[in-house]
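Note sheet for the following structure.
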Amino acid sequence: MVHRGRIATAPRENRAPLRQKKSEWLPRSIPDDLFDDLMEALRTNRDRALVSMYVSSGARASELLGVHGDQIDWAGQRVWVVSKGSRLLEPVPVSPESLQYLTMYFHEHGSPRPDELIWRALHGKPRPLTYHAARRMLQRVNAVLGTDWSLHDFRHTTINRMVADPNLTLPEIMAVSRHRQVSSMTPYLRPRIDEVFQKVQEHMASPRPQPTLTPGYDPDDFSVVFGA
C-alpha cells in the first residue's frame with residue numbers, strides 16, 4: 001500500500017480505452033409549441049390548472065400536490081408550498097391562467113376546505129390526488145402526443161423560461177426556484193444544443209450584410225481613391 005501525505009494529490013487514472021466519458025446532465029424543458037399541444041391534450045380543468053400551475057410556479061411535483069385550501073393567495077397570484085429541502089412554507093408565483101383553470105375546477109367539483117388538499121381524484125371515492133395519479137395523467141397525454149415528458153420537466157421548463165428572460169436576474173430566479181446554491185443553476189445557464197443549431201441555421205440563411213460608407217465620406221471621392 002502506498003501512503004501519501006495530506007497535501008499530496010492522488011495520481012490521475014486514465015479511463016479504459018472503450019469506456020466512454022459520461023455526458024454532463026442538462027435540464028430538459030418543453031418548447032412553447034409543444035407545451036401548447038400538451039395543454040390542448042389535457043382532458044379536464046383540474047389537469048389544466050395543475051399543469052399550468054406547475055409551469056408558472058416552478059414548484060416540484062410533490063410540493064404543489066401538498067397545497068391546501070387556505071394556501072392560495074388569489075389576490076397576490078401565488079400559492080404556498082412546503083419546500084422539499086428546507087421544509088419551510090414558502091410562496092411561489094402562479095399565472096392568472098392557472099388560477100382561471102383552478103376556479104373552473106372548483107366550480108365543477110366544489111371548493112376545498114381550508115385544511116383540505118386542493119388536488120383531488122375526480123372518480124371513485126373522494127381522496128387526494130397522489131403523485132402516481134398525477135404521473136399517470138401525464139402518461140396518458142404522452143401516449144396521445146407520442147412524447148415522454150415527466151412531471152419534473154415542468155420545473156425545468158419554468159427555470160429555463162426565466163433564464164431566457166433578460167428582465168430577470170439570477171438572484172430573482174433563485175428566489176422563485178428556491179435554489180440555495182449558485183452552482184445548482186449552472187446546468188440552466190448552458191445554451192441548449194437544439195437552440196444553438198437553430199440560431200446557426202438562421203445565421204447561415206441570412207443574407208450577408210452589404211458594406212456601407214461611414215457617414216461623412218463622399219462616395220465619388222472613395223471610388224477615385226480605391227476604385228469602383
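Each residue takes its place number in the sequence, starting with 1. Just so it is clear, the structure is predicted and the values come from calculations on it, not from any experiment.
Chaining together hydrophobic side chains whose heavy atoms lie under 4.5 Å apart leaves Leu88 on its own. The hydrophobic cluster around Val82 extends to Trp80, Leu89, counting ILVMFWY residues whose side-chain heavy atoms fall within less than 4.5 Å of a member.
Inter-residue side-chain proximity for Arg155 and Arg60 is flagged as met; some heavy-atom pair is nearer than 4.5 Å. Between Arg120 and Pro128 the shortest side-chain heavy-atom distance does not fall below 4.5 Å. For the pair Arg161 and Asp165, the minimum side-chain heavy-atom distance is 4.5 Å or more. Here the side chains of Leu42 and Met137 are in contact, with some heavy-atom distance below 4.5 Å. For the pair Leu168/Val176, no side-chain contact is recorded, criterion being any heavy-atom separation below 4.5 Å from C-beta on. Side-chain contact check for Arg46 versus Phe106: every heavy-atom pair is 4.5 Å or farther apart.
The two residues Ala133 and Leu129 come nearest to each other via the heavy atoms CB-CD1, 3.6 Å.
The pair Asp70-Arg113 does not count as a salt bridge, with every side-chain nitrogen at least 4.0 angstrom from each carboxylate oxygen. Ion pairing between Glu90 and Arg180 holds under the 4.0 Å rule for side-chain N and carboxylate O. Between Glu40 and Arg48 there is no salt bridge, since no side-chain N of the basic residue sits under 4.0 Å from a carboxylate O of the acidic one. Salt-bridge annotation for Asp47 and Arg140: absent, with no side-chain N of the basic residue lying under 4.0 Å from a carboxylate O of the acidic one.
Within the model, atoms CG of Leu50 and CG of Asn45 stand 12.5 Å from one another, a figure rounded to the nearest 0.5 Å. Of the inter-residue distances, the one linking Leu34 atom CG with Leu145 atom CG reads 8.5 Å to the nearest 0.5 angstrom. Here Leu117 contributes atom CG and His68 contributes atom NE2; the two are 4.0 Å apart, rounded to the nearest 0.5 Å. Atom CG of Leu102 and atom CD1 of Ile118 lie 5.0 Å apart (nearest 0.5 Å). Taken from OG in Ser95 to CE in Met53, the straight-line distance is 7.0 Å, to the nearest 0.5 Å. Within the model, atoms CD of Gln77 and CD1 of Ile72 stand 13.0 Å from one another, a figure rounded to the nearest 0.5 Å.
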**Item:** From CA spacing to verdict: side-chain contact (heavy atoms from CB on, under 4.5 Å), Asp148, Arg28
**Value:** CA-CA 11 Å; Asp148 63 343; Arg28 189 178 67 159; 3.0 Å; yes
**Request:** Before giving the answer on side-chain contact (heavy atoms from CB on, under 4.5 Å), spell out for Val79 and Gln71 the whole-Å C-alpha distance, their side-chain angles and the decisive distance to 0.1 Å.
**Result:** CA-CA 6 Å; Val79 299; Gln71 294 171 342; 5.7 Å; no
**Request:** Before giving the answer on side chain to side chain donor-acceptor pair (under 3.5 Å), spell out for Thr169 and Glu172 the whole-Å C-alpha distance, their side-chain angles and the decisive distance to 0.1 Å.
**Result:** CA-CA 5 Å; Thr169 64; Glu172 291 170 340; 3.3 Å; yes
**Message:** Under the criterion salt bridge (Lys or Arg N to Asp or Glu O under 4.0 Å), I'd like the reasoning laid out for Arg178 against Glu63: C-alpha separation, chi angles, the key distance, then a yes or no.
**Reply:** CA-CA 12 Å; Arg178 288 160 291 125; Glu63 293 173 344; 2.9 Å; yes
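Side chain of Ser57 to main chain of Val92: no donor-acceptor pair is present (N/O by atom type, distance under 3.5 Å, no hydrogens or angles). Distance alone, capped at 3.5 Å, is enough to place a donor-acceptor pair between the Arg127 side chain and the Lys125 backbone. A donor-acceptor pair is defined here as one N or O able to donate and one able to accept, closer than 3.5 Å; such a pair exists between the side chain of Ser177 and the backbone of Ile173. Proximity of a side-chain donor or acceptor of Ser83 to a complementary backbone N or O of Ser86 within less than 3.5 Å is not detected. Side chain of Asn142 to main chain of Trp149: a donor-acceptor pair is present (N/O by atom type, distance under 3.5 Å, no hydrogens or angles). The backbone N or O of Ile30 lies less than 3.5 Å from a partner atom in the side chain of Thr157, making a donor-acceptor pair. When atom types are taken as modelled, the side chain of Glu97 and the backbone of Ser52 share no donor-acceptor pair closer than 3.5 angstrom. Looking at Asp36, its side chain never comes within 3.5 Å of a backbone N or O of Asp33 through a donor-acceptor pair.
The aromatic rings of His152 and His156 lie perpendicular to each other, with more than 60° between the two planes, well past the 30° mark. Taking the six-membered ring where the residue is Trp, Trp119 and Tyr105 present parallel rings, their angle staying beneath 30° rather than reaching 60°.
Remark: Phe154 engages Tyr54 in a ring pair (Phe, Tyr, Trp, His ring centres under 6.0 Å) (not counting sequence neighbours).
In summary, the side chains of Thr130 and His132 do not present any donor paired with an acceptor at a separation below 3.5 Å, with no hydrogens or angles considered.
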